[in-house]
There are 2 protein chains.
Amino acid sequence: MNIQSLDNLTDFKRDLEVLEEKQFLLLVETNQDIIKVSTKTALKNLPKIFDEAIKIGNTKGFNATSLRDLSQATDMSLGKIYTYISAKDDLLLMLHSHYIKVIEDTFNQIGLPHKNPMDNLLLAVKAHLYLSQVFRPWFYFAFTESKHLNKKIIALAKESELKSDLYFRNIIQSGIQAKRFAAVDRNFTSSMIKALLQDWYLKPWKYAERNIDVDSYFKEIANLLTIYLTPKD
Amino acid sequence: MNIQSLDNLTDFKRDLEVLEEKQFLLLVETNQDIIKVSTKTALKNLPKIFDEAIKIGNTKGFNATSLRDLSQATDMSLGKIYTYISAKDDLLLMLHSHYIKVIEDTFNQIGLPHKNPMDNLLLAVKAHLYLSQVFRPWFYFAFTESKHLNKKIIALAKESELKSDLYFRNIIQSGIQAKRFAAVDRNFTSSMIKALLQDWYLKPWKYAERNIDVDSYFKEIANLLTIYLTPKD
DNA sequence: CAATAATGTGAACGATCGTTCATAATATAA
DNA sequence: TTATATTATGAACGATCGTTCACATTATTG
């Protein structure tokens with residue numbers, strides 16, 4: 001994953017897939033005490049369990065999703081599912097920590113490559129948008145099901161949330177210090193950016209209806225930030 | 001409810017309470033086929049059921065909230081609760097339609113009193129913010145539990161959502177036509193406003209941590225909109 | 001091929017859920 | 001006061017849930 005991958009969604013998606021597969025292998029190896037089958041078998045079945053859990057969870061909520069629902073959707077027996085998880089809650093823990101790690105890896109690999117703070121800011125915005133585009137089901141799932149997380153996952157999620165918050169605030173802060181940005185409220189600005197990013201994955205139907213793809217949405221945000229952050233002379 | 005009420009939160013809250021009590025009476029009278037007790041008794045107990053249902057629902061989700069939980073929280077027996085609702089789902093229908101009506105009433109009473117489109121826009125923003133401040137638990141509940149709504153409530157919610165969307169877009173549209181606003185994208189702008197409003201009730205802890213009250217949050221949005229919508233000369 | 005290991009199955013268990021209703025308790029009217 | 005109407009109770013029922021495990025099936029090894 002590098003800056004070039006963020007040129008367009010197709011390249012990004014390709015690179016992200018590689019990153020995700022690596023992370024999946026790590027996940028299976030880390031949870032060998034829970035997963036009672038070989039790594040090969042787990043890599044074949046676990047992703048499907050994740051996918052369907054998110055899919056059903058996004059329509060009826062995870063709490064209302066029974067393991068019998070999941071069994072039917074994945075075409076696996078109840079017993080088979082229980083060779084990959086120790087409990088229903090455990091599924092959430094594995095699933096969320098997997099995606100959180102992939103996302104953090106992505107940002108670590110991108111870093112802050114530009115000298116111009118606006119370039120860095122827009123790059124971060126684009127990376128977030130692309131990530132939520134590719135992993136939209138999970139992003140939606142994680143947000144709307146945040147109530148049902150146990151303490152372990154909440155700790156993970158909060159840590160990740162703080163990191164991304166800091167990521168934006170630091171860029172804005174350095175932009176203001178360098179007098180490249182207007183002296184706006186740092187907290188409000190980063191909150192605003194996050195709210196706009198969230199809207200993208202929380203209300204996909206809205207943007208689909210208006211035929212707005214991720215790149216044109218990015219341009220609108222970029223335009224807003226340019227107007228808002230350009231220093232007044 | 002009039003423009004003066006929007007001067008400060010205290011006045012708004014007072015006027016809103018009157019409006020809500022009226023609506024509660026209407027609700028009870030409308031549902032006399034379901035509610036098996038006198039109006040007087042219903043007015044005493046139903047609000048408590050609503051309040052506690054929202055409160056528990058906001059911590060563990062409505063689906064995971066059992067009627068036994070609700071029974072304990074309201075200090076009412078299971079049977080007593082069932083003299084006010086016909087089913088668990090029915091509780092949601094009554095609850096949501098009540099709040100939706102109160103909110104629509106509020107906007108109907110405010111209308112578009114100003115000649116300057118920016119004044120109207122900011123008034124609408126403030127009304128939304130104040131509403132979500134006073135009814136924060138319900139706003140949070142309605143958003144995060146939207147998955148579990150049945151078709152009847154979804155229809156209600158979508159209609160209400162469309163109305164408020166149109167409300168903002170019309171103001172922006174007329175502002176642009178009158179050349180008082182820059183020629184921004186109308187859809188994006190109204191989406192942005194709604195995303196910022198949503199952030200206020202979806203992440204109350206964030207703003208509480210930063211000691212930002214509803215009035216200072218309003219000022220930040222007003223500042224952003226002024227910068228974004230002021231026509232370039 | 002047979003023997004062993006790995007993987008898959010789904011009936012069964014106890015817990016909890018929404019909902020009902022015979023009955024009790026309380027308030028109102030006569 | 002007594003009689004009647006209103007309101008409140010919570011045990012009980014059938015359905016569904018997460019989870020287990022004795023067993024069946026399939027794949028791998030020798």
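The sequence lines fix the lettering, A, B, ..., with proteins before strands; numbering per chain opens at 1. If you're wondering where the values come from, they're calculated on a predicted model, not measured in any experiment.
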Any ion pair linking [Y] and [X] (charged N to carboxylate O, less than 4.0 Å)?
X      : Y      : answer
A/K203 : A/E209 : no
A/K60  : A/D69  : yes
B/E52  : B/K55  : yes

Practice task
Hey, can you tell me if A/W200 and A/Y207 have their rings parallel, tilted or perpendicular (30° and 60° cut-offs)?
Solution key: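 If you compare the ring of A/W200 with that of A/Y207, the planes turn out tilted.
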
Exercise for the section: Give the ring-plane orientation class for A/Y167 versus A/F107, where under 30° counts as parallel, over 60° as perpendicular and anything between as tilted. Expected result: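 Perpendicular.
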
Problem - Inter- and intrachain pairs under side chain to side chain donor-acceptor pair (under 3.5 Å), touching residues 121-130 of chain B, at least two apart - result: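 Counting only pairs at least two positions apart or across chains, the side chain to side chain donor-acceptor pair (under 3.5 Å) contacts touching residues 121-130 of chain B are B/Y130-B/D215.
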
Practice task
Check B/F168 against B/A124 and note the closest heavy-atom contact, atom names and distance.
Solution key: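 Reported closest heavy-atom pair: CE2-CB, 3.8 Å.
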
Tell me: [atom1] of [X] to [atom2] of [N], nearest whole Å?
X     : N     : atom1 : atom2 : value
B/I35 : D/dT6 : CD1   : C1'   : 15 Å
A/K80 : C/dG8 : NZ    : P     : 4 Å
B/K36 : D/dT6 : NZ    : C1'   : 14 Å
A/L43 : C/dA6 : CG    : P     : 17 Å
A/Y84 : C/dA6 : OH    : C1'   : 11 Å
B/K44 : D/dT7 : NZ    : P     : 9 Å

Exercise for the section: For A/S38, report the nucleic acid contact type (base, sugar-phosphate, nothing); a contact means any heavy atom under 4.0 Å. Expected result: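 Sugar-phosphate, no base atom in range.
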
Practice task
Would you classify B/T41 as touching base, sugar-phosphate or nothing, given that sugar-phosphate means primed atoms plus P, OP1 and OP2, and contacts are heavy atoms under 4.0 Å?
Solution key: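 The answer is sugar-phosphate, as B/T41 gets under 4.0 Å only of primed atoms, P, OP1 or OP2.
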
Problem - Summary of ring pair (Phe, Tyr, Trp, His ring centres under 6.0 Å) pairs that have at least one residue in residues 20-60 of chain A, sequence neighbours excluded - result: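 Sorted result for residues 20-60 of chain A: A/F24-A/F50, A/F24-A/H98.
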
Practice task
Flag this pair as yes if the NZ/CZ of B/K48 is under 6.0 angstrom from the six-membered ring centre of B/Y84 and inside a 45 degree cone about the axis; otherwise no.
Solution key: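 The answer is no, since B/K48 fails at least one limit relative to B/Y84.
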
Heteroatom pairs (N/O) under 3.5 angstrom, protein to nucleotides 22-24 of chain C:
none

Problem - Non-neighbouring partners of A/R68 that pass side-chain contact (heavy atoms from CB on, under 4.5 Å), sequence neighbours left out - result: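 Here the qualifying residues are A/S66, A/L78.
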
Practice task
Look at B/S77 and D/dA8 and indicate whether a side-chain polar atom (N or O) is within less than 4.0 Å of OP1 or OP2.
Solution key: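 The answer is no; no side-chain N or O of B/S77 sits under 4.0 Å from OP1 or OP2.
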
Practice task
Return the angle between end axes of the helix from C/dC1-D/dG30 to C/dA30-D/dT1, with five pairs used per end and rounding to 10°.
Solution key: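 The helix from C/dC1-D/dG30 to C/dA30-D/dT1 shows an end-to-end axis angle of 0°.
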
Exercise for the section: Using a 4.0 Å cut-off on protein heavy atoms (strictly under), produce a 5'-to-3' string for nucleotides 11-30 of chain D with B for base contact, S for backbone-only sugar-phosphate contact, and - for none. Expected result: -B----BBBBB---------

Exercise for the section: For atom CD of B/E29, decide whether the heavy atoms of other residues, nucleotides or ligands shown that lie under 6.0 angstrom number more than 12. Expected result: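 More than 12 within 6.0 Å, yes.
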
